[in-house]
Amino acid sequence: MIDLSNEQKKIISATGNLLIVGGPGSGKTTIAILKAGEIITNNLTLSQKIIFLSFARPSVARIVEALDETKALSKEEKKHIIVDTYHAFFWRLIRTHGYLLGLPKKISLLTPAEEAIALASIRNDYPNDSTITDEEKQEKARRELEERERLSYEDGKVCFELFADIAGKILQGSSKIRKLISNAYPYIILDEFQDTNTSQWDVVKALGENSEIIALADPEQRIYEFMGADPERINHYIQGFQPCQFDLSDDNFRSIGTQILQFANDMLKESYSQKEYDGITITAFNANQNQAFATLKGHVFQARKRLIDSGKSDWSLAILVPTKKMTRAVSDYLRAKQDAMTSIEHSANIDIEAVVLAAEIISFLLQPKAAKGDFGRFVQLVCNFYEGKGGDTPTKGNLEESEKIKAAFVKARKKRSEGKKIDKGSIIQKMISTYRSVRTIELTGDPDKDWRAIRNQLENGVCKQLKVVAEEARNLRLLDRGTQLRAALAETWRDSKCYENALEIVRRSFVQEHFANAWKPESGVVVMNMHKAKGKQFDEVIIFEGWPRYKSRRIISNPGRIVIGNSSSQNLEQAKQNFRVSITRAKSHTTILTPIVDPCILLPQ
């Protein structure tokens with residue numbers, strides 16, 4: 001029997017809408033599961049279920065894991081709890097009822113990579129974010145929204161960003177559908193409620209007309225204001241739903257025996273209560289690349305040794321950095337060997353668009369060569385790669401690279417039609433050379449072996465554009481995507497002695513993964529952006545930020561900082577909350593690395 005605190009006992013016995021607030025590791029998920037058990041026993045019919053929604057698949061997987069491990073609920077009771085992401089729930093609504101809003105009856109998901117390609121031409125019309133004006137931002141956002149809606153309502157290709165908006169319109173437009181949903185799910189548990197944006201809040205309001213809502217929130221873990229999360233959302237819920245309110249902020253079950261949470265909370269208040277905190281190490285490094293990275297690598301070696309010596313087999317060490325660019329830079333450094341230090345095996349959690357598009361190119365090359373137009377399709381996939389690899393923030397350089405490849409292909413095709421030779425220095429000539437060498441590879445039927453053979457040929461070929469593709473493909477561990485993809489590729493080989501439709505198989509695999517609840521917790525050393533760490537936990541965490549660049553003893557740039565530019569001339573709330581989330585991902589120890597000169601302004605000075 002679980003020993004519950006008085007506050008937790010009150011939650012179990014409470015009725016109506018509930019609001020449960022608490023910090024990282026305070027037991028919000030656990031008590032929500034126990035509350036669900038009480039509801040199942042006393043309030044549900046045999047056909048009804050409780051749905052537990054969270055934003056990210058790692059969070060969903062953590063909830064599923066907690067549900068599986070609890071002995072307080074029977075197997076039959078657990079069957080009445082559905083755990084899913086908001087996006088998957090919205091998608092089911094859209095697929096079933098979207099036609100009522102004018103969506104085509106046959107619709108498909110527009111993946112982030114495909115969306116990036118579709119919006120590339122619009123984004124290419126505007127300067128980079130650092131120089132774009134407010135008027136240009138508004139115009140760009142309007143044009144992007146119009147194109148997303150056109151893709152949805154004319155082409156039937158719906159992107160994630162419109163999921164909540166469309167689902168909200170469906171629910172608000174039909175009391176019958178609202179009642180159907182609530183009859184199936186009379187109780188809805190919402191994880192990370194503080195991060196709901198306006199469209200998601202509209203969905204909650206519609207569902208709350210007939211279902212009871214249990215909202216789990218951490219007011220100090222609101223890190224998605226830049227994506228539309230409203231700092232007043234919890235107050236909106238209190239005003240609109242009059243929930244019973246419970247506070248678990250004093251509880252901490254993640255980093256028991258340490259002062260990690262206390263340090264993080266003191267940082268938020270900008271008032272440090274002591275000089276040292278158990279479980280927290282702050283180290284300064286010299287502000288230049290060699291010494292900064294050497295300091296980081298040394299701490300990774302030390303932390304890894306501590307974890308190995310602990311005897312735990314599935315230990316995890318996260319290196320959290322403020323920017324996408326630093327994620328790649330750190331990963332490259334750890335992978336390389338330096339004079340005094342070996343490479344460090346790790347995984348890098350980077351934005352997926354470039355990886356997906358690189359995987360599409362390799363999967364296309366796994367397929368048998370088409371009798372006509374095969375190279376043209378290959379070139380188009382390479383252009384897609386450069387248009388979409390930057391996600392929603394493409395660089396001018398990548399977009400221009402795509403245009404150069406297209407122009408070179410048109411020019412080469414014209415020369416061929418005229419019976420002339422393609423210029424030796426042409427991008428296309430080098431691309432043809434690498435393409436032909438790949439097409440000579442004798443495939444074996446082993447998906448992993450064949451995938452690596454093609455990737456290596458792209459990497460070792462003469463075309464620098466395809467070398468970039470191969471480099472991105474290294475961030476995809478094909479067989480880690482689960483046995484389904486591996487099995488599907490192997491099956492098509494068994495059936496036809498070739499990888500027929502490999503491109504479609506890989507594309508379908510990525511779409512399915514967007515809605516999959518299975519998520520293997522990270523183990524070993526993993527590098528990721530600080531924002532991506534939300535909802536996860538690790539044995540140890542190392543937070544590593546950038547450093548100032550000087551000229552004539554003056555700072556001329558200050559990239560990759562926990563606080564943008566390490567400047568206090570801005571609202572620091574988002575940076576502090578993001579920093580707190582990162583600090584509190586650790587169970588046993590958090591190490592913070594900051595430059596000696598101009599150290600992070602959020603740390604004790």
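Every residue was checked against the salt bridge (charged side-chain N to carboxylate O under 4.0 Å, His left out) condition with Glu192, not counting sequence neighbours, and none meets it. Legend: residues meeting side chain to side chain contact (heavy atoms under 4.5 Å, CB included) with Ala264, ordered by chain and number and at least two apart, are Arg580, Ile583, Thr584. Applying the side chain to side chain contact (heavy atoms under 4.5 Å, CB included) test to Arg142 and every residue at least two apart in sequence or in another chain returns Glu139, Glu146. Applying the ring pair (Phe, Tyr, Trp, His ring centres under 6.0 Å) rule to Phe55 yields the partners Tyr86; only residues at least two apart in sequence or on another chain are considered. Applying the ring pair (Phe, Tyr, Trp, His ring centres under 6.0 Å) rule to Tyr272 yields the partners Phe263; only residues at least two apart in sequence or on another chain are considered. Partners of Tyr333 according to the ring pair (Phe, Tyr, Trp, His ring centres under 6.0 Å) rule, which considers only residues two or more places apart in sequence or in another chain, are Phe293. When the side chain to side chain contact (heavy atoms under 4.5 Å, CB included) test is applied to Glu147, the partners found at least two apart in sequence or on another chain are Leu119, Ile122, Arg150, Leu151. Looking at residues two or more places apart in sequence or on another chain, you find a side chain to side chain donor-acceptor pair (under 3.5 Å) between Asn252 and Ser255. By the side chain to side chain donor-acceptor pair (under 3.5 Å) test, Ser402 is found to be paired with Glu387, residues two or more places apart in sequence or in another chain being considered. In this view, Ala358 and Phe385, Val469, Glu472, Ala473 satisfy the side chain to side chain contact (heavy atoms under 4.5 Å, CB included) rule, not counting sequence neighbours.
Side-chain polar atoms of Asn235 and Glu232 form a donor-acceptor pair below 3.5 angstrom. Using modelled atom types, one finds no donor on one side chain facing an acceptor on the other under 3.5 Å when comparing Ser26 with Asp251. Side-chain contact check for Asn124 and Ser121: no donor-acceptor pair (N or O, by modelled atom type) lies under 3.5 Å. Using a 3.5 Å distance cut-off with no hydrogens or angles, the side chains of Asn265 and Gln262 do not pair a donor with an acceptor. In this structure, a donor-acceptor pair under 3.5 Å is present between the side chains of Ser249 and Asp247.
No salt bridge links Arg328 with Asp332; every basic N to acidic carboxylate O contact stays at or beyond 4.0 Å. Look at Glu540 and Arg304 and you find no salt bridge, because none of the NZ, NE, NH1 or NH2 atoms lies under 4.0 Å from a carboxylate O. Between Asp125 and Arg143 a salt bridge is recorded (basic side-chain N to carboxylate O distance below 4.0 Å). Salt-bridge annotation for Glu345 and Arg335: absent, with no side-chain N of the basic residue lying under 4.0 Å from a carboxylate O of the acidic one. Comment: Glu573 engages Lys576 in a salt bridge, judged by a side-chain N to carboxylate O separation of less than 4.0 angstrom.
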Report all side-chain donor-acceptor pairs from residues 275-283 shorter than 3.5 Å, counting only partners two or more places apart or in another chain.
{"unit_1": "Tyr277", "atom_1": "OH", "unit_2": "Asp266", "atom_2": "OD2", "d": "2.7"}
{"unit_1": "Tyr277", "atom_1": "OH", "unit_2": "Ser273", "atom_2": "N", "d": "3.0"}
{"unit_1": "Thr281", "atom_1": "OG1", "unit_2": "His589", "atom_2": "NE2", "d": "2.7"}

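Distance check: Thr594 OG1 to Glu545 CD gives 3.5 Å after rounding to the nearest 0.5 Å.
Considering Thr30, Thr29, Ile31 in turn, Thr29 is the only one that fulfils the side chain to side chain contact (heavy atoms under 4.5 Å, CB included) rule with Ile33.
A perpendicular orientation is assigned to the rings of His87 and Phe90, their planes being inclined by more than 60° (bins at 30° and 60°).
The list of salt bridge (charged side-chain N to carboxylate O under 4.0 Å, His left out) pairs with a residue in residues 594-605, not counting sequence neighbours, reads Arg561-Asp598.
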Checking Phe246 against Val21 for the side-chain contact (heavy atoms from CB on, under 4.5 Å) test, could you report, in this order, the C-alpha distance in whole Å, the side-chain angles of both residues, the deciding distance, and whether it holds? CA-CA 6 Å; Phe246 303 93; Val21 300; over 6 Å; no
Ile543 vs Thr591, test: side-chain contact (heavy atoms from CB on, under 4.5 Å). Steps then yes/no. CA-CA 6 Å; Ile543 302 171; Thr591 300; over 6 Å; no
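Between Ile596 and Phe285, every side-chain heavy-atom pair lies at or beyond the 4.5 Å cut-off.
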